[in-house]
Chemist: 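Take this structure first; my questions come after.
Residue numbers run from 1 in the order of the sequence given.
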Amino acid sequence: MTNQNFKIIHASEQEDFRMAVSRFGLDPHDFKLEESSDEGQPLAEGLFAIIGTVTVEYRPSHRTRTYTAGHGTAWTVAFESDLRAGKFE
């Protein structure tokens with residue numbers, strides 16, 4: 001994973017992602033992250049939540065998984081669970 005300016009992936013989530021990958025002995029550079037943002041969901045008049053998806057590709061296997069991302073989500077937890085389950089092998 002290279003450092004990028006993401007709209008919905010917060011810097012702390014990028015760090016959580018790198019830490020999860022490292023815990024499994026993998027190289028973050030072997031992963032590609034792509035985000036897709038949706039129109040904000042109205043929370044109240046004039047307030048919108050930034051939401052979308054994050055697609056993670058493990059380049060050596062070409063396997064991908066897509067997660068809901070943005071305010072109020074925990075996509076890095078689901079990603080780590082998928083790593084543990086071998087879904088990127």
Side-chain angles (χ1 to χ4, degrees):
M1 181 184 103
T2 59
N3 289 332
Q4 299 177 26
N5 290 326
F6 290 107
K7 183 176 178 181
I8 60 173
I9 302 173
H10 190 271
S12 65
E13 292 175 314
Q14 292 176 49
E15 183 60 27
D16 291 345
F17 172 84
R18 283 190 284 274
M19 289 175 54
V21 167
S22 295
R23 275 194 287 277
F24 286 87
L26 300 171
D27 184 346
H29 292 96
D30 286 340
F31 289 84
K32 178 181 175 184
L33 297 181
E34 287 187 14
E35 67 177 9
S36 174
S37 61
D38 298 329
E39 290 297 318
Q41 297 295 314
L43 299 174
E45 188 173 331
L47 294 175
F48 293 87
I50 298 172
I51 60 166
T53 59
V54 174
T55 299
V56 180
E57 177 187 355
Y58 183 50
R59 290 178 172 127
S61 68
H62 301 288
R63 294 212 175 178
T64 62
R65 304 285 293 175
T66 300
Y67 307 95
T68 301
H71 293 160
T73 66
W75 72 269
T76 57
V77 173
F79 166 73
E80 187 166 359
S81 177
D82 286 348
L83 279 177
R84 188 175 297 108
K87 294 186 178 181
F88 287 96
E89 296 176 357

Chemist: Who passes salt bridge (charged side-chain N to carboxylate O under 4.0 Å, His left out) against D16, sequence neighbours left out?
Modeler: none

Chemist: Within this structure, what is the NE2-CZ distance for the pair H29 and R18, rounded to the nearest 0.5 Å?
Modeler: 8.5 Å

Chemist: Suppose we screen for salt bridge (charged side-chain N to carboxylate O under 4.0 Å, His left out). Which residues come up paired with E80, at least two apart in sequence or across chains?
Modeler: R23, R84

Chemist: Taking the side chain as C-beta and beyond, is there a heavy-atom pair between E34 and K32 under 4.5 Å?
Modeler: yes

Chemist: Ignoring hydrogens, what is the shortest heavy-atom contact between F88 and V56? Give both atom names and the distance.
Modeler: CE2-O, 3.6 Å

Chemist: Out of curiosity, E57 CD to D30 CG, how far, rounded to the nearest 0.5 Å?
Modeler: 10.5 Å

Chemist: Can you tell me how far apart CG (D82) and OH (Y67) are? Round to the nearest 0.5 Å.
Modeler: 3.5 Å

Chemist: Can you list the residues that meet the side-chain contact (heavy atoms from CB on, under 4.5 Å) rule with S61, with sequence neighbours excluded?
Modeler: Y58, R63

Chemist: Could you grab the distance from atom CH2 of W75 to atom OG1 of T55, nearest 0.5 Å is fine?
Modeler: 10.5 Å

Chemist: I'd like to check F79 versus V21 (side-chain heavy atoms, cut-off strictly below 4.5 Å). Are they in contact?
Modeler: yes

Chemist: Verify the cluster assignment for F24 and V54: are they in a single hydrophobic cluster under the rule of side-chain heavy atoms below 4.5 Å apart?
Modeler: yes

Chemist: Taking G52's backbone N and O only, do any of them form a donor-acceptor pair with E35's side chain (distance below 3.5 Å, no angle check)?
Modeler: no

Chemist: Just verifying a value: how many Å separate T64 OG1 and L33 CG, rounded to the nearest 0.5 Å?
Modeler: 12.0 Å

